[in-house]
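Here is the structure we will look at, set down as structure tokens.
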Amino acid sequence: MVVLVDKDTRVIIQGITGSQGTFHSESMLMYGTKIVAGVRAGKQGEEVNGIPVYDSVKAARDAQNANASVIFVPAPFAGDAALEAIAADLNPVVVITEHVPVFDEMRIIHAAKRKDITVIGPNTPGIITPSAKQKLGIMPGHVFSGGRVGLMSRSGTLTYEIAAGMTNAGIGISTAIGLGGDPCVGLTPIEAVDLFNKDSGTDAIVLVGEIGGDAEERAAAYIKDHVKKPAVAFIAGRTAPPGKRMGHAGAIISGSSGTAAAKIEAFTDAGVPVAEKPSDIAKLLKDVL
Amino acid sequence: MVVLVDKDTRVIIQGITGSQGTFHSESMLMYGTKIVAGVRAGKQGEEVNGIPVYDSVKAARDAQNANASVIFVPAPFAGDAALEAIAADLNPVVVITEHVPVFDEMRIIHAAKRKDITVIGPNTPGIITPSAKQKLGIMPGHVFSGGRVGLMSRSGTLTYEIAAGMTNAGIGISTAIGLGGDPCVGLTPIEAVDLFNKDSGTDAIVLVGEIGGDAEERAAAYIKDHVKKPAVAFIAGRTAPPGKRMGHAGAIISGSSGTAAAKIEAFTDAGVPVAEKPSDIAKLLKDVL
Amino acid sequence: MKLFEHEAKDIFRAFGMQTPPGGVAKTPEEAKKRAAEVGKPVVVKAQVLAGKRGKAGGVKFADTPEEAAKHAEEILKMKINNLPVKAVLVEEKLDIQQEIYAGITVDRNERKYVIIGSGAGGMSIEELAEESPEKIIKHHVEPDFGLQPFEAREIAIAMGFSGKNISTLAGFFLKLWEIVKAQDVELTEINPLILTADGRFLAADARLNIDDNALYKHKKLIESLKREPMEQNEREREATQEGMAYVELDGDIACICNGAGLTMATLDAVSLYGGKASTFLDLGGGSDAERVEKGIEIAMKYGKVKAILVNIMGGITRCDEVAKGIVAAKRDGDITVPLVIRMVGTNEEEGQEILRQAGIPFLKTMEEAAQRVVSLVEEGA
Amino acid sequence: MKLFEHEAKDIFRAFGMQTPPGGVAKTPEEAKKRAAEVGKPVVVKAQVLAGKRGKAGGVKFADTPEEAAKHAEEILKMKINNLPVKAVLVEEKLDIQQEIYAGITVDRNERKYVIIGSGAGGMSIEELAEESPEKIIKHHVEPDFGLQPFEAREIAIAMGFSGKNISTLAGFFLKLWEIVKAQDVELTEINPLILTADGRFLAADARLNIDDNALYKHKKLIESLKREPMEQNEREREATQEGMAYVELDGDIACICNGAGLTMATLDAVSLYGGKASTFLDLGGGSDAERVEKGIEIAMKYGKVKAILVNIMGGITRCDEVAKGIVAAKRDGDITVPLVIRMVGTNEEEGQEILRQAGIPFLKTMEEAAQRVVSLVEEGA
């Protein structure tokens, strides 16, 4: 078993005719992802990278027996695209788009919850299961190697950094999930921990967090109470000054909660070793595996 | 078993401090209805007819262990009152108020459906179970006698007329339900037929309909396929001229569907005898019982 | 409340929907001016709150302003479905690629709004449903969620559109839904919605009924409509003001009852015994003496009335109040025709006592009462 | 986007919410005029996008217009949290019965809006949460359903209100929710909301942040705000225009990376090896050569920079483009301090080849790179 995405995942790309959709669908195809259709209203009958395009998600799903979606639709329309994928029972729905209004995020997350569908993102690099050669996202596939460690992160490039470090150290990944950098995302760290904890193909968990919010603290508490599998963590932003917005909407510190120190303390308290620098993750994993 | 309302029904009156709420709560108390609380925001601590008033439905429910509601709140606020009752898990929710905007009606009906709660009305005389001495509504209780015939109607006074005729003929009623005179009501004739069909305390069913819509035709088709208990019907508006609005929002005929003739034909086709005049209902019942 | 086509289109435009260029005219001269402003061939359309005006000759095409004036003159003299035409709408005659049907109404069975669309517009939805039911697309709207853009596109696709038309038509439906929600619309129909040769969607006709129960939210709109008094006679107007349902019919017996169902059943009973009703008058619930008297007064003003049947089943309405109203009407000389009363229910005995003391007879069942009033009229004839 | 108190109140009033009488003043004279218009004792409040202005002396009471002018003069000279005060709000000093806290913000864990209310307003919600957590009422709003009137009343009741205040306060929360939805508000806080001695609820303070991702829907509002250029220096402004995240710090090493998480981790690594960052510069995803050169250019304008660390993990960003940008910056003479490059990922080999041909060294891991740049700065010192 693998988490959320396996060899039977049949993917549609919403917004495939846009520059992002075209570029990344090619990159996904090259990686091995089973992309079976693209969607763009008004473009049915066209092809992008050899992938047939349909007017609607339902049409694409019915014609190609698809069961998952990756969304590259521009921010003002991404919420609608996600609702369309959810209405068509695709699962997971991976929303790559950044700058999605927070109200739209709340709507799609709860629409998905009502149907037990997993939304990954928005503002995520996506999800990758290396052993199945399935990448639903924009990450450079070659830095991820197959194995038995689950990786989750709120960050993009930092995830690649850590995955590359693991790969270099000979530690493979069961599934890596970019949870998304926005305040409201479909899959929370706790939910992702829970998925990995239940996955028979995952022996250990890596959590990559950053300052802002208290999602890491909550995940740490959850691990302490519910998770027996070994886990290690990295937190970015130890030296970030308070009150400054550093890129991500999430990366702003208010009050004492949300600081790197608070997060590191929570993980330490939960018995989860925290790496000082990204390359230490591999070392810590070797200790716990 | 009886339908929806029995001796354990503990009723709150929303809008009890208004003239309608005050008048009818007294009348209900006199009939025997177990009214345990009234609701009117801002009036907690007061009493109406000896009934304690609370600021919210939740407060009333929690203090008095209530499980059903009757709403007399004015039309612009009736939708909100019904949503409050539904949120507090009261069941049934009887909306006496007339002139409720149709969009509000749709909202409350579907909010109730999500929680498996029955809304009766809006624009209904209510529901009465004579054997339990429980009347949740504004009907004159003395014209209803206890027995084993289920009565449902889209009309108000016409229901009393028919109930009185049954009582005079010595035929008692298990439960009588005013479905409500508006185009959108919480309990449709089909659903009411189904309740009576499943009720071990009901031996026969009386349907009182009127021109407009095709709810009666649908109920007739449902009876034909699913109901073995004897049923009889009355339809008001045989002589109503087409295109004229006669009182009820529902009572407007458009095209061929919705005419008295079409409804009578549907019932006849389903083996449901249709009375020529209200007093014939009792005679028809004696034939089928 | 039903809106005229031009009023509905004012609302459509306020929400950013496209309609053909043009304007309203109340005289042939105004029609000429409107047509000249359009500067192209026009269509002159009767503004009446009735369907099938096309078949009644209320829609005519004109190539010149003069011709438009001529058509307007004819149309402004017409009555359609018994309603006088008081204005025409003069609009550009469109270069049609396709006629589409689009509407939103309440589905009583689902208890949801239903969006109805068809690529085969131009005829009535009833005809369409009979001739090509497979061409009618229906989509139910979840009340709390509203119409989603992707759903609107799915409707357009199901209606047979492709390419850019999908999003354009979806945008039209989204606007129409926005109007339905914002204005508490009970029914709207655009038939035809025109897809022009140059690829635009324009509402060529417009039907819009606002939920009467929600009018209290739209006082500004109602004021802005500057409606002339409804096409009602004095009696109808009076009954409306009193909140009574009043309909005049061709017979001679005025039926005054409480409750629409009971009133209809009373008319049916009169008919069953060979009589014909002149009046449907539903007093509504909880009438007091004054209101009962007022109802009798209004009913008596209709020249056809030869007898009155008061049939009251007391629920909220109290029989003693009804009796007082009848006594007052008698005393004031309002009643100049035979009167039959049937009155049971709440405070029945008190009411009957009041009638007895005033020497007014009454009956116990509606069948007796209906029979009696029919025979009284027959005797009088 | 954060709004000033007076801007937020303009929106509040546009939605029919009550605020104390008064107005904005940019000079002591204007403040005097505003106070005279109010005609009662006033409060003079610094308009800055920073909390705790009260503690910083930015809120003062005045009994006369002259006193208001004097306070305004002092406040307009202040800097609060390093931000200059450019305007004051002069408002009637209210006759307070009770101070209330009211706010709506996004709950990241529930992923819903949460309405927060407390009958014990006046202090910050953090202090309140510490001192009297039981006095803070929270209500989560279902995104598709919105705040219902009965829920608003339940909040008011839970906050300890009774009688008429329940419906009045509920009405306030419903308006606030309406504003949140209509204006895509991310966070709003009214602290205090004042219940006056005569029973009205007035927003005495107002904080309102609009979701940056939804600003595209509110162009008219943004224009109407007539904002002076943000309190940004030229470099910050330039980076904002380019869509880069740029923060200046107290150290001397400029970190130019792609992705916020990686940039933060790079700053952390620099710190770990004993260095101090001068610059957080996240180029974002998919930068081309031109954008990379622009980033280096902006970073070099900050006087404190003694070395540059470029740390790129190629994903959407292609290493060949990054290399081209660095080569161009070198060639154009933009870089006058030591430069350390670490660059891996997409098109890594092509990129490295470009650097090699230009004679620019690079490293393979971020730890090496961080160590190198720290030692270069130490050597230079």
Side-chain angles (χ1 to χ4, degrees), chain B residues 20 23-24 75-76 98-107 109-111 125 138-140 143 153-161 164-165 181-186 188 208 210-211 213-215 218 234 236-241 243-251 255 260 276-279, chain C residues 81 106-113 126 141-144 180-181 184-186 211-217 244-245 247 249-251 257-272 276-277 280 282 284-286 311-317 344-346 348 365-367 370:
Chain B
Q20 294 278 307
F23 176 77
H24 289 293
E98 56 180 347
H99 302 309
V100 176
V102 69
F103 192 68
D104 291 353
E105 294 183 331
M106 292 189 264
R107 286 187 67 212
I109 291 165
H110 290 281
I138 61 173
M139 60 282 276
V143 304
S153 171
R154 279 165 67 189
S155 174
T157 43
L158 182 56
T159 315
Y160 318 156
E161 180 75 43
D182 287 355
C184 288
V185 292
T188 62
V208 180
E210 60 187 35
I211 50 171
D214 65 351
R218 287 170 178 258
F234 177 78
R238 290 170 189 244
T239 57
K244 291 275 183 183
R245 191 178 277 259
M246 300 193 124
H248 280 188
E276 270 202 321
K277 44 191 197 295
S279 58
Chain C
N81 204 9
V106 175
D107 183 325
R108 295 159 172 241
N109 298 304
E110 294 289 329
R111 289 155 294 181
K112 290 177 183 174
Y113 276 107
E126 289 86 0
V141 183
E142 289 296 323
D144 282 295
V180 164
K181 268 201 79 171
D184 286 290
V185 172
E186 193 175 57
D211 179 1
D212 287 328
N213 291 344
L215 286 179
Y216 72 92
K217 297 188 216 168
M244 299 171 186
V247 181
L249 304 162
D250 288 335
C257 316
N258 61 329
L262 183 67
T263 314
M264 280 193 282
T266 305
L267 264 66
D268 293 349
V270 163
S271 163
L272 195 65
K276 279 192 90 180
F280 170 106
D282 171 13
N311 181 19
I312 299 295
M313 178 75 214
I316 325 180
T317 308
V344 294
T346 309
E348 178 177 323
T365 74
M366 67 181 274
E367 285 79 6

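Heavy-atom distances place both the backbone and the side chain of B/Pro76 under 4.5 Å from chain C. For B/Val208, no part lies near chain C; criterion is any non-hydrogen pair under 4.5 Å. Using a 4.5 Å cut-off between heavy atoms, C/Asn258 contacts chain B through both its backbone and its side chain. Interface residue B/Ala164: only side-chain heavy atoms are found under 4.5 Å from chain C. Only the backbone of B/Val100 comes within contact range of chain C, with at least one heavy atom under 4.5 Å from a heavy atom of that chain.
Taking C/Lys181 as the reference, nothing meets the side chain to side chain donor-acceptor pair (under 3.5 Å) condition, with sequence neighbours excluded. For C/Lys276, the side chain to side chain donor-acceptor pair (under 3.5 Å) criterion is met by no residue, not counting sequence neighbours.
If you take OH on C/Tyr113 and CD on C/Glu186, they are separated by 7.5 Å, rounding to the nearest 0.5 Å. To the nearest 0.5 Å, the span separating OG on B/Ser155 from CE on C/Met264 amounts to 7.0 Å. Here the straight-line distance linking atom CE of C/Met313 with atom OG1 of C/Thr263 works out to 13.5 Å at 0.5 Å rounding.
Side-chain contact of C/Ser271 with B/Thr239: a donor-acceptor pair under 3.5 Å is absent, judged by distance alone.
Of the listed residues C/Thr346, C/Thr317, C/Leu272, the one with more heavy-atom pairs under 4.5 angstrom with chain B than any other is C/Leu272. Note: B/Pro278 leads B/Pro125, B/Pro278, B/Ala75, B/Ser153 in heavy-atom pairs under 4.5 Å with chain C. Heavy-atom pairs under 4.5 Å with chain C peak, among B/Glu98, B/Arg218, B/Met139, B/Gln20, at B/Arg218. Across B/Lys277, B/His24, B/Arg238, B/Glu105, the residue that shares the most heavy-atom pairs under 4.5 angstrom with chain C is B/Lys277.
No donor-acceptor pair under 3.5 Å is formed between the side chain of C/Asn311 and the backbone N or O of C/Thr266.
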